[in-house]
Amino acid sequence: MKKMTLLMLALVALTSFGSLTSAAPSPATPEKREISQDDKQFLIEMAKSLGIKTEGKDPVAIKKEIHEALIKKEAEKLGIKAEGKDIHQLAMEVHTAHLKEEAKSLGISTEGKDAKALMKEVFEAKISKKAKELGIDTKGKTMQQLGKEVQEKMTMEEAKKLSIKTEGKDLKQIADEIREIQILNKAKELGLDTENKKPKELLKEMMIKYPEEVKKLKLFPSHGEHFMFKKHYKLKKED
């Protein structure tokens with residue numbers, strides 16, 4: 001997405017420590033895979049920054065509490081009442097509110113439309129708009145085809161801006177390199193020690209120390225995702 005909130009970035013780390021991509025909020029579920037010591041420490045630090053007590057709690061329980069706290073925090077910011085609602089319902093309301101904001105920014109009417117219908121309109125409007133900006137011919141193409149072309153062209157243009165060599169690399173590798181450079185540049189800008197640290201580690205550190213700056217960070221999406229539609233991806237799969 002063009003705009004990435006702290007909520008979405010935090011859920012990145014909570015949902016998949018090995019990934020820097022995002023998804024729509026969903027209820028926290030127990031993880032079968034083992035959480036590394038570094039990730040446990042991150043959870044503890046993240047929890048403390050949110051005022052969550054961690055003593056005597058296992059990482060999965062801490063992760064769940066962080067997830068819920070972030071959703072409630074975002075709901076409060078949007079003026080959504082949390083009382084009497086389970087976390088899944090609240091997450092969906094937060095998601096829908098962001099979707100409506102995005103629709104309005106694109107001149108799309110939200111009246112009488114459910115999240116699924118609105119999501120489809122937003123996706124198509126953003127893809128069509130970006131295709132036009134990039135000079136991509138839209139005639140006779142499905143939205144999936146057009147989305148793929150737009151993402152590929154955006155990836156190559158961004159790589160060129162960052163002086164990334166693309167020869168012999170697939171689009172996923174290039175997109176990963178773009179994200180890594182974005183994170184590294186932001187960490188340096190904030191004065192963090194970047195020596196011998198992976199992008200994932202730097203992102204976690206920024207999330208804890210500089211949450212407001214992380215909100216402004218617009219990470220390039222992973223190849224294979226709809227680059228302007230990541231926040232709604234999981235909802236679409238579940239419908």
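- A distance-only check finds a donor-acceptor pair linking the side chain of Q145 to the backbone of T142 [under 3.5 Å].
- Between E201 and K197 there is no salt bridge, since none of the side-chain N atoms of the basic residue sits less than 4.0 Å from a carboxylate O of the acidic one.
- At most 12 non-hydrogen atoms from other residues, nucleotides or ligands lie less than 6.0 angstrom from NZ of K100.
- A donor-acceptor pair is defined here as one N or O able to donate and one able to accept, closer than 3.5 Å; such a pair exists between the side chain of K141 and the backbone of D137.
- For the pair A69 and L50, the tightest heavy-atom approach, listed with the atom from each and the gap, is CB-CD1, 4.4 Å.
- Atom CD of E76 is surrounded by 12 or fewer heavy atoms from other residues, nucleotides or ligands within 6.0 Å.
- You'll find the side chain of H98 reaches within 4.5 Å of the side chain of E74, heavy atoms only.
- At least one donor-acceptor pair closer than 3.5 Å links the side chain of K153 to the backbone N or O of L134.
- Heavy atoms only, all atoms of each residue included: P199 and E180 are closest at CG-CG, 3.4 Å.
- One distance of note links CD of E101 with CG of L99; it measures 10.0 Å at 0.5 Å rounding.
- To the nearest 0.5 Å, atoms NZ (K188) and CG (L202) are separated by 10.0 Å.
- If you check the side chains of Q41 and E45, you find a donor sitting under 3.5 Å from an acceptor.
- The pair E121-K113 meets the salt-bridge criterion, with a side-chain N (NZ, NE, NH1 or NH2) lying under 4.0 Å from an Asp/Glu carboxylate O.
- Considering every non-hydrogen atom in both L203 and I183, the closest pair reads N-CG2, 4.0 Å.
- Atom OG1 of residue T194 and atom CG of residue L192 lie 8.0 Å apart, to the nearest 0.5 angstrom.
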Practice task
Evaluate the side chain to side chain contact (heavy atoms under 4.5 Å, CB included) criterion for residues M206 and E213: first the C-alpha distance (whole Å), next the side-chain angles of each, then the deciding distance (0.1 Å), finally the verdict.
Solution key: CA-CA 8 Å; M206 287 190 285; E213 289 299 320; over 6 Å; no
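- No side-chain heavy atom of I208 sits less than 4.5 Å from a side-chain heavy atom of K48.
- Closest of all the heavy-atom pairs between I127 and G147 is CD1-CA, 3.5 Å.
- The nearest pair of heavy atoms linking T155 to I178 is O-CD1, 3.5 Å.
- When each of L90, D86, I87 is tested with E68 by the rule side-chain contact (heavy atoms from CB on, under 4.5 Å), just one qualifies, namely I87.
- Annotation: the span from E124 atom CD to L146 atom CG amounts to 10.0 Å, rounded to 0.5 Å.
- Looking at E177 and K169, a side-chain N of the basic residue comes within less than 4.0 Å of a carboxylate O on the acidic one, giving a salt bridge.
- For the pair E205/F42, no side-chain contact is recorded, criterion being any heavy-atom separation below 4.5 Å from C-beta on.
- Looking at K186 and E189, a side-chain N of the basic residue comes within less than 4.0 Å of a carboxylate O on the acidic one, giving a salt bridge.
- The only member of K72, K85, K81 that meets salt bridge (Lys or Arg N to Asp or Glu O under 4.0 Å) when paired with E93 is K85.
- Considering all non-hydrogen atoms of both residues, L43 and P59 come closest at CD1-O, 3.6 Å.
- The backbone N or O of M46 sits less than 3.5 Å from a side-chain atom of S49, completing a donor-acceptor pair.
- Between L171 atom CG and E152 atom CD the span is 5.0 Å, to the nearest 0.5 Å.
- Between E157 and K160 there is no salt bridge, since no side-chain N of the basic residue sits under 4.0 Å from a carboxylate O of the acidic one.
- To the nearest 0.5 angstrom, M92 atom CE is 11.0 Å from I71 atom CD1.
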